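Encoded as structure tokens, the structure appears first; notes follow it.
From a predicted model like this one, the values you see are computed outputs, not experimental measurements. Values reported hereafter were calculated over all heavy atoms of this structure, with side chains retained and with hydrogens, waters and symmetry mates removed.
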Amino acid sequence: MTRQHTVIDGVDVYWEQGPAPMIATLTFGCGVRDESFRTLGVTHLIEHLAMSTLPRLHHEHNATVGIEVTRFFATGRPAQLVDFIAAVCEALSDLPLSRIEKEAGVLTAEGSAVCHPTAGVLLARRYGIAGPGLAPWDGPGYDQLPAEAVTTHAAKFFTRGNAVLTLTGPPPEGLRLPLPDGPRMVHEPTPSLLTDGPQWLAEEVPCIGMSLRGPSVSPVDALGLQVLSHRLTEVARKEKGLSYGIDGDRANADPSTTDRFVWVDAREGQEAEVASILWNTARELATSGPTQEELDHELAGFREMVEDPRFVDGDLDEFARSVLLGEPYRSPAEWLEAIAAATPAHVAAALAESLRTALIVVPSEVRLELSDLDGKPVPLGGCATPEWQPQGRVFKPSLLARAMSAAARGARLHLTADGVALIDGGDRHFVRFADVVGVLAQNGSRTVFGRSGCLVPVDSDLFAGIEPVIAAVDAHVDPGLVFPPSAFAS
Ligand SMILES: [Zn+2]
């Protein structure tokens, strides 16, 4: 079967015959990476507002918001799909803004995330609070999203030009897509804030994780991570009984660049051991390559997946992404061919290349000693501004903070001509006023969030005499970026 194309109401429609029942997926080139810290959650709120208008339906239907795309999808008889698609489009053209408050509460209760929290932290360290790096953050909270942010975002991204409908059968009679007019959006690439070289991080994460940055469509890179996951399952889970779950994902910073993740859970107290197994297994694979038997196994598994008639839907999803986001597309046959042609040496070379970009993350209290492929120690990374040199006016901890904790006694808040900084033990966090992405304001305190991922607590409970710092923050930061605490904050 080949993929067919038509245009209905200005929307690109692609379809390929799959097994019944038919699946319809309306994909928009809009995800969390298109938001800002101040508008975090706006896409999810739009999705909820649209879905809240649907009547009770007796066929399978749902919607998801990811890092790059938002999807509305349903399975059912053709007439049901026609009704579903029309209802979603009509809702997106005329969002029930009066429901914002209610849906804000629902979304807070739902507490969903666009990716695994371990992957989210890795993205935030690589990209800061922008693009895919927005993934792990909550932002100001759903109740702090202004209605005009909802309407502006919907008008920009939820349009006929920025949508693709895919179907696993011919377009049913009466199919309409009454979406507002608008162009296909161009998504600004998000640059990496890190220089190359593997680094490890100690952060608030539930699992041990690793991210590798590489080309977005790369069968050898995908193969390397598949083999790595299987080896980890053998060693960390079956042989040593240290882990139960091993999983992975990916996220795109631009059409040609992907972060690929693998994360592994660990029995309490075994985190450093599991992280060493993860890194050393990857190193070993990058040095000696997979065995031919491992590659044959991956090829057989991939063939099994793509030859399943239900795979049509997954392939259409990939194709819709490529159309909307300008990502390169390879058909399942092309993937199969590339995987069959990959040799152990290809896979090793690709993995060795991507291990230079590796970020490894472990829970905060864990310490690691790892060496890179050249035998040099892998350094501990942190936020992107450790090179900042102390300067400006210095504020010391308040009496209360000093009384409460020994650690707080060494902390210093700095106010410079162009920003604020926190020195906390060996860590330096500097946020330039021009790079502020949000300020949480509550009586007598400001929490300043920076583009690089640093946050500086200008907090009267922590530091004494900080009125001048608060005045400087208020004077230099766009008032549109300042928000009060969410009523839902715990
Ligand atoms: Zn920092």
Side-chain angles (χ1 to χ4, degrees), residues 67 113-126 132-133 135-136 194 197-214 218 220-251 258-291 294-295 297-298 301 347-348 350-352 354-373 377-381:
I67 292 176
V114 290
C115 67
H116 190 276
T118 307
V121 166
L122 289 164
L123 283 169
R125 274 302 178 214
R126 198 180 300 278
L194 302 177
Q199 296 182 14
W200 68 276
L201 305 163
E203 304 268 352
E204 294 291 316
V205 284
C207 291
I208 287 101
M210 178 167 76
S211 87
L212 303 175
R213 193 170 136 95
S218 169
V220 282
D221 281 298
L223 265 177
L225 276 211
Q226 277 293 108
V227 175
L228 174 62
S229 296
H230 285 144
R231 284 199 182 177
L232 286 173
T233 307
E234 284 304 312
V235 179
R237 178 170 169 172
K238 293 187 183 162
E239 234 169 75
K240 302 203 170 179
L242 300 171
S243 302
Y244 176 73
I246 294 161
D247 212 340
D249 199 358
R250 47 177 292 192
T258 287
D259 276 71
R260 292 181 173 81
F261 309 103
V262 52
W263 59 85
V264 197
D265 61 10
R267 249 169 44 207
E268 203 168 336
Q270 301 297 322
E271 292 88 355
E273 170 73 4
V274 170
S276 298
I277 292 173
L278 166 63
W279 179 247
N280 291 327
T281 306
R283 258 182 46 160
E284 163 67 22
L285 256 180
T287 312
S288 311
T291 63
E294 283 174 311
L295 290 187
H297 173 83
E298 294 305 332
V347 175
L351 190 59
S354 57
L355 284 184
R356 293 181 200 289
T357 69
L359 275 182
I360 301 131
V361 68
V362 289
S364 316
E365 70 285 0
V366 179
R367 289 295 168 262
L368 296 180
E369 278 179 44
L370 308 171
S371 357
D372 67 14
L373 285 170
V378 175
L380 170 64

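To the nearest 0.5 Å, the span separating CD1 on Ile277 from CG on Leu232 amounts to 8.0 Å.
Partners of Trp200 according to the ring-ring contact (aromatic ring centres under 6.0 Å, His included) rule, which considers only residues two or more places apart in sequence or in another chain, do not exist here. By the side chain to side chain donor-acceptor pair (under 3.5 Å) test, Asp249 pairs with no residue at all, sequence neighbours left out. Under the rule for a side chain to side chain donor-acceptor pair (under 3.5 Å), the partners of Arg250 that lie at least two apart in sequence or sit in another chain are Asn252, Thr258. Arg231 meets the salt bridge (Lys or Arg N to Asp or Glu O under 4.0 Å) test with Glu294; sequence neighbours excluded. With sequence neighbours excluded, the residues forming a side chain to side chain donor-acceptor pair (under 3.5 Å) with Glu298 are Gln226, His230, listed by chain and number. By the side-chain contact (heavy atoms from CB on, under 4.5 Å) test, Ser276 is found to be paired with Asn280, Leu370, residues two or more places apart in sequence or in another chain being considered. Every residue two or more places apart in sequence or in another chain that forms a side-chain contact (heavy atoms from CB on, under 4.5 Å) with Ala251 is listed here: Ile67, Glu68, Leu123, Phe261. Residues satisfying the salt bridge (Lys or Arg N to Asp or Glu O under 4.0 Å) criterion with Glu203, sequence neighbours excluded, are Arg125. Applying the side chain to side chain donor-acceptor pair (under 3.5 Å) rule to Ser354 yields no partners; only residues at least two apart in sequence or on another chain are considered. Applying the side-chain contact (heavy atoms from CB on, under 4.5 Å) rule to Ala286 yields the partners Leu351, Ala352, Leu355, Leu373; only residues at least two apart in sequence or on another chain are considered.
The salt bridge (Lys or Arg N to Asp or Glu O under 4.0 Å) pairs that include a residue from residues 232-244 are Glu234-Lys238, Lys240-Glu273, where partners are two or more places apart or lie in different chains.
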Would you give me the side-chain donor-acceptor pairs under 3.5 Å for residues 204-212, sequence neighbours excluded?
unit_1, atom_1, unit_2, atom_2, d
Glu204, OE2, Ser364, OG, 2.9
Ser211, OG, Arg126, NH2, 2.8

